[in-house]
Amino acid sequence: MTDVCDIEGMFRIIESIPSKNAEPIKIWLAKLGKERIDEAFDPSIAVQRAIEIYRVKGYDEDWIAKRIKSLQERKKLTDIWKENGIENNKEYAILTNEIYKEWSGMTAKEYKQYKGLRKESLRDNMDNIELILTDLSEEAIKRLAAKQKPNGLKENIKVAKMGGHVAKVAREDIEK
């Protein structure tokens with residue numbers, strides 16, 4: 001009854017249109033493809049592109065530096081979770097929700113609703129304190145995991161809650 005496609009499918013359709021009106025989009029797609037290939041050879045280009053996007057969106061340099069650092073730290077945490085038996089994206093999401101619930105009182109979905117977000121990144125819409133609290137909870141989890149060596153989802157949830165609690169205490173002290 002209705003034909004639908006995702007964004008990739010839409011671009012494939014545009015590529016196949018033999019019209020001069022589609023040329024600007026085809027040129028733009030070719031430029032994007034070239035940029036991604038360049039980034040594959042020199043990943044620092046991708047990092048610089050991300051920084052420029054944050055600047056255009058109005059973020060200050062201090063926030064951008066914290067956000068880039070938090071991306072690196074999050075990767076370290078997911079590596080630890082992987083070593084500790086976490087195997088799929090659903091489990092990573094469960095652990096992330098436990099962290100957020102513990103320090104903020106909301107799941108990631110609830111937090112996004114609270115901030116009025118739909119598809120946007122929650123972390124990209126956190127202020128400096130929220131980013132620091134998230135980083136603090138994740139750093140605490142990494143250290144606790146190194147000592148306790150949790151295995152599987154159930155044990156990692158306990159450690160995630162403990163790390164989230166560290167940030168909750170810090171948040172409550174800041175609010176006082």
Side-chain angles (χ1 to χ4, degrees), residues 7 35-36 39-40 42-176:
I7 292 173
E35 289 172 359
R36 295 309 170 272
E39 290 169 2
D42 183 358
S44 69
I45 295 170
V47 174
Q48 191 56 46
R49 182 172 50 87
I51 290 169
E52 286 303 317
I53 290 169
Y54 285 132
R55 284 180 182 146
V56 168
K57 288 184 172 190
Y59 294 103
D60 65 54
E61 296 299 316
D62 185 46
W63 184 94
I64 294 169
K66 284 182 181 78
R67 181 65 178 112
I68 298 297
K69 180 75 172 153
S70 76
L71 290 167
Q72 295 169 314
E73 295 304 317
R74 175 66 182 190
K75 175 68 173 108
K76 291 177 186 175
L77 176 60
T78 58
D79 288 346
I80 288 169
W81 281 343
K82 188 174 185 177
E83 291 169 12
N84 293 341
I86 301 306
E87 299 176 354
N88 60 58
N89 288 340
K90 184 177 179 183
E91 291 176 326
Y92 291 112
I94 289 168
L95 292 168
T96 301
N97 274 334
E98 292 298 331
I99 296 167
Y100 286 142
K101 276 194 299 192
E102 190 62 36
W103 79 257
S104 76
M106 297 176 269
T107 64
K109 183 178 180 180
E110 292 166 339
Y111 210 162
K112 285 178 90 168
Q113 288 172 340
Y114 168 75
K115 288 186 163 279
L117 305 175
R118 291 180 58 215
K119 290 187 89 175
E120 303 92 339
S121 163
L122 176 56
R123 289 186 193 217
D124 282 357
N125 288 278
M126 289 181 169
D127 63 25
N128 283 336
I129 291 292
E130 291 169 316
L131 277 178
I132 290 166
L133 291 170
T134 301
D135 290 346
L136 174 61
S137 63
E138 291 181 349
E139 185 62 33
I141 292 164
K142 289 187 288 189
R143 291 177 184 216
L144 289 164
K147 286 186 177 186
Q148 296 185 12
K149 306 280 191 231
N151 190 25
L153 184 60
K154 192 172 183 177
E155 290 179 20
N156 277 285
I157 285 174
K158 289 178 189 174
V159 173
K161 286 182 177 183
M162 292 168 67
H165 185 74
V166 169
K168 178 182 180 179
V169 170
R171 189 197 86 230
E172 289 171 346
D173 284 349
I174 291 166
E175 289 172 352
K176 287 178 190 173

[Y] and [X], any side-chain heavy atoms less than 4.5 Å apart:
X: Met126; Y: Tyr111; result: yes
X: Gln148; Y: Met162; result: yes
X: Tyr59; Y: Arg67; result: no
X: Tyr100; Y: Leu133; result: no
X: Asn88; Y: Glu91; result: yes
X: Gln113; Y: Met106; result: no

Over all heavy atoms of both residues, which pair between [X] and [Y] is shortest? Give the atoms and the distance, please.
X: Pro150; Y: Val159; value: CG-CG2, 3.8 Å
X: Ser137; Y: Ala167; value: CB-CB, 3.8 Å
X: Ser104; Y: Arg171; value: CA-NH1, 3.7 Å
X: Pro43; Y: Ala40; value: CD-O, 4.4 Å
X: Ala108; Y: Asn97; value: N-OD1, 2.8 Å

Find the distance between [atom1] ([X]) and [atom2] ([Y]) and round it off to the nearest 0.5 Å.
X: Lys142; Y: Leu144; atom1: NZ; atom2: CG; result: 12.0 Å
X: Leu122; Y: Thr96; atom1: CG; atom2: OG1; result: 10.5 Å
X: Lys57; Y: Asp124; atom1: NZ; atom2: CG; result: 6.0 Å
X: Asn89; Y: Ile94; atom1: CG; atom2: CD1; result: 11.0 Å
X: Tyr92; Y: Leu153; atom1: OH; atom2: CG; result: 11.0 Å
X: Ile129; Y: Thr134; atom1: CD1; atom2: OG1; result: 11.0 Å

If you apply the rule salt bridge (Lys or Arg N to Asp or Glu O under 4.0 Å), what do you find for Arg55 with Glu52, and how did you get there? CA-CA 5 Å; Arg55 284 180 182 146; Glu52 286 303 317; 2.5 Å; yes
Mark yes when over 12 heavy atoms from residues, nucleotides or ligands other than [X] sit less than 6.0 Å from its [atom1]; otherwise mark no.
X: Ile174; atom1: CD1; answer: yes
X: Lys161; atom1: NZ; answer: no
X: Arg143; atom1: CZ; answer: no

Taking [X] first and then [Y], would you say they form a salt bridge - that is, a charged N and a carboxylate O separated by under 4.0 Å?
X: Arg36; Y: Glu39; value: yes
X: Glu138; Y: Lys76; value: no
X: Lys115; Y: Glu130; value: yes
X: Glu172; Y: Lys176; value: no

Under 3.5 Å, side chain of Glu110 to main-chain N/O of Thr107, donor-acceptor pair present? yes
Would a distance-only check, ignoring hydrogens and angles, find a side-chain to backbone donor-acceptor pair under 3.5 Å from Glu120 to Arg118? yes
Passing candidate, side chain to side chain contact (heavy atoms under 4.5 Å, CB included) with Asn156, options Ile80, Asn151, Asn84: Asn84
